[in-house]
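Notes follow the structure.
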2 protein chains.
Amino acid sequence: MVNKDIDADVRAVEGKPRPSSRVPLDRDRILAAALSYIEEHGLSQLSMRKLGSELGVEGMSLYRYVPGREALLDGIVETIIDEMSLDEDVLPKPEYGWQDFLQRFAHGVRRIALSHPRAFPLVASRPPEAPWLRPPLRDLRWVELFLDGLSSEGFSDDAAVAAYRGFTSFLLGHLLLEVSTMGADLGPLDVLDEAATSQRQGFAGFPLVDRMSGQLAQDHSVAEFEESLENLLDRLTLLRDS
Amino acid sequence: MVNKDIDADVRAVEGKPRPSSRVPLDRDRILAAALSYIEEHGLSQLSMRKLGSELGVEGMSLYRYVPGREALLDGIVETIIDEMSLDEDVLPKPEYGWQDFLQRFAHGVRRIALSHPRAFPLVASRPPEAPWLRPPLRDLRWVELFLDGLSSEGFSDDAAVAAYRGFTSFLLGHLLLEVSTMGADLGPLDVLDEAATSQRQGFAGFPLVDRMSGQLAQDHSVAEFEESLENLLDRLTLLRDS
DNA sequence: ACCTGAACACCGTTCAAGT
DNA sequence: ACCTGAACACCGTTCAAGT
């Protein structure tokens, strides 16, 4: 009883999360910890040593479970990608037409991106292992799912592949921008200061930016995503029926 | 004479580029060297110390001209962005309508992205200093140019801003994917090996990927860019006239 | 005025040694 | 079987000292 409380105090002072019980480490726990560390402190702060201490262990211990830092980053990407397989809305095949299928697919990817804003750029910037695995759909299972969905809905092979290309570049552009205007990497106070400053002095020399700064600052991510997606689907309709 | 030849031999052995004459360093020379170093060795290989030695100097000397590594990376982005201002095709205002204007604009950005494939991801992944500076158009001058071009062609403020958003996310998605399927970060031999391997064994468990692997491997970047851009322009036409 | 050497704190990674 | 300590090579960065 008394011992337990003392332990708690020591932990609080040292800022360690817990002596990590006695269960040994494993790859999944390491990847999950890395992901949450990135979301809390930013990608640039992640190091093997810090991640180790987050898990109550020296950094060198991680090498038992992960070949190295590069592999760790790849594993994080994999973890993010895998999450979508758990998403109920995404997995099912087209039941209400391919348009509904792609809508659900797109929103599923978006949900995942937005739930890991600071790690998502990894998905985009780690080099894909093959040219047909286009970010953010960096998994053969997804590509297969995508192609299968469209195929079964009457897309020719060429049309399905073209749709795959259009779909990935749409997702990548939108989600990367959305995620980068979120948190980004600065404290919220700086943003406010900057905003206040430019409010005061306007944008000298940039009259149109100045005039439209109100509109420019507004966030329309959801609506934009929706509209752009609809537009893409319209385009794919033409592609399919040609 | 003899001395000169000996010097040359020493340089060849040490692999240094040149004692960098006697002209002192300057920021621009540093940024240019950094950019070309990245294109040659990849972003991950760049360090202050290596960059210094590339310039015939100890790494610490760079701090006279650049506040630190982060600022160096920002400077590289700035350098890339600035290049477009030198592009004859981009700067001019609309003379043949806004569609031609945006076509030239888009192709100008694309040219720059493709000429720095390994550095371009920096443009996308460095956090933008303000939410209205959307990658890859991270410069107020460009934003102003863009808005001015559309404004003078009859776009309302709202329509111009919406066009700006659509345009940036289109460019980002396309160019990042195009650049990442280029060089990426692996030697060309690996790619061939991998391709040969999958050729041999097919894609077990992924029948549609297997069937369409031919189409998937083909590169249609140019045509895709063109088609997608045309489509975006069509969409913007509706936006403008609504 | 410009560059360097030495120093510091931190990194990724290996491996023999501890329990 | 799992983790650690010590070690190595390499980093970013500061600053007093050299020319």
Side-chain angles (χ1 to χ4, degrees), chain A residues 10-11 14-35 37-38 40-77 119 122 125-127 185, chain B residues 10-11 14-35 37-38 40-77 119 122 125-127 185:
Chain A
V10 169
R11 287 201 305 273
E14 295 186 331
K16 296 238 179 132
R18 193 170 330 176
S20 99
S21 41
R22 240 349 92 205
V23 288
L25 244 34
D26 67 82
R27 194 181 127 96
D28 282 348
R29 216 147 56 80
I30 291 174
L31 292 178
L35 192 43
Y37 189 92
I38 291 173
E40 194 168 355
H41 301 101
L43 182 51
S44 63
Q45 288 304 304
L46 181 72
S47 75
M48 299 298 275
R49 291 164 126 116
K50 285 186 195 153
L51 180 56
S53 99
E54 197 78 2
L55 289 159
V57 123
E58 301 297 312
M60 308 93 208
S61 312
L62 303 178
Y63 289 84
R64 291 249 148 210
Y65 306 92
V66 164
R69 186 172 198 270
E70 289 298 287
L72 177 74
L73 295 181
D74 285 337
I76 294 170
V77 170
L122 272 179
S125 60
R126 303 242 91 207
D185 242 50
Chain B
V10 169
R11 287 201 305 273
E14 296 186 330
K16 296 242 177 127
R18 191 174 331 181
S20 102
S21 41
R22 240 349 91 205
V23 288
L25 243 36
D26 67 82
R27 194 182 129 97
D28 282 348
R29 214 145 60 80
I30 292 174
L31 292 177
L35 191 43
Y37 189 91
I38 291 173
E40 193 168 355
H41 301 101
L43 182 51
S44 63
Q45 288 304 305
L46 181 73
S47 75
M48 298 300 274
R49 290 162 126 117
K50 285 186 196 152
L51 180 55
S53 99
E54 197 78 3
L55 289 159
V57 123
E58 300 297 313
M60 309 92 208
S61 311
L62 303 178
Y63 289 85
R64 291 247 150 213
Y65 305 93
V66 164
R69 186 173 198 271
E70 289 299 288
L72 177 74
L73 295 181
D74 285 336
I76 293 169
V77 170
L122 274 180
S125 60
R126 303 243 91 207
D185 242 52

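The sequence lines fix the lettering, A, B, ..., with proteins before strands; numbering per chain opens at 1. None of the values given here were measured: they were computed from a predicted structure. All heavy atoms count here, side chains included; hydrogens, waters and symmetry mates do not.
Annotation: the span from I38(B) atom CD1 to L46(B) atom CG amounts to 5.0 Å, rounded to 0.5 Å. Once rounded to the nearest 0.5 Å, the distance linking CG of L43(B) with CG of L122(B) reads 5.0 Å. Taken from CG in L35(B) to CD1 in I30(B), the straight-line distance is 13.5 Å, to the nearest 0.5 Å. Here the CZ-CG distance, from R64(B) to L25(B), works out to 11.5 Å after rounding to the nearest 0.5 Å.
An OP1 or OP2 oxygen of dT4(C) is reached within less than 4.0 angstrom by a side-chain nitrogen or oxygen of S61(B). The phosphate of dA1(C) (OP1 or OP2) has no side-chain N or O of Y65(B) nearer than 4.0 angstrom.
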With the sugar-phosphate defined as primed atoms, P, OP1 and OP2, and the base as all remaining atoms, what B/S/- string results for nucleotides 9-16 of chain D, 5' to 3', for protein heavy atoms under 4.0 Å? --BBBB--
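Side-chain contact between M48(B) and Y63(B) is present, with at least one heavy-atom pair separated by less than 4.5 Å.
Of all nucleotides present, only dC8(C) satisfies the Watson-Crick or G-U wobble test against dG12(D), with each distance under 3.5 Å. With a cut-off of 3.5 Å on both Watson-Crick or G-U wobble distances, the partner of dC2(D) is given as dG18(C).
Summarising the geometry, the separation between CD on E58(A) and C1' on dT19(C) is reported as 15 Å, rounded to the nearest angstrom. Note: CG (D26(B)) to P (dA1(C)) measures 17 Å, nearest angstrom.
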Kindly indicate, with the supporting measurements, whether the criterion side chain to side chain contact (heavy atoms under 4.5 Å, CB included) is fulfilled by R49(B) and E58(B). CA-CA 6 Å; R49(B) 290 162 126 117; E58(B) 300 297 313; over 6 Å; no
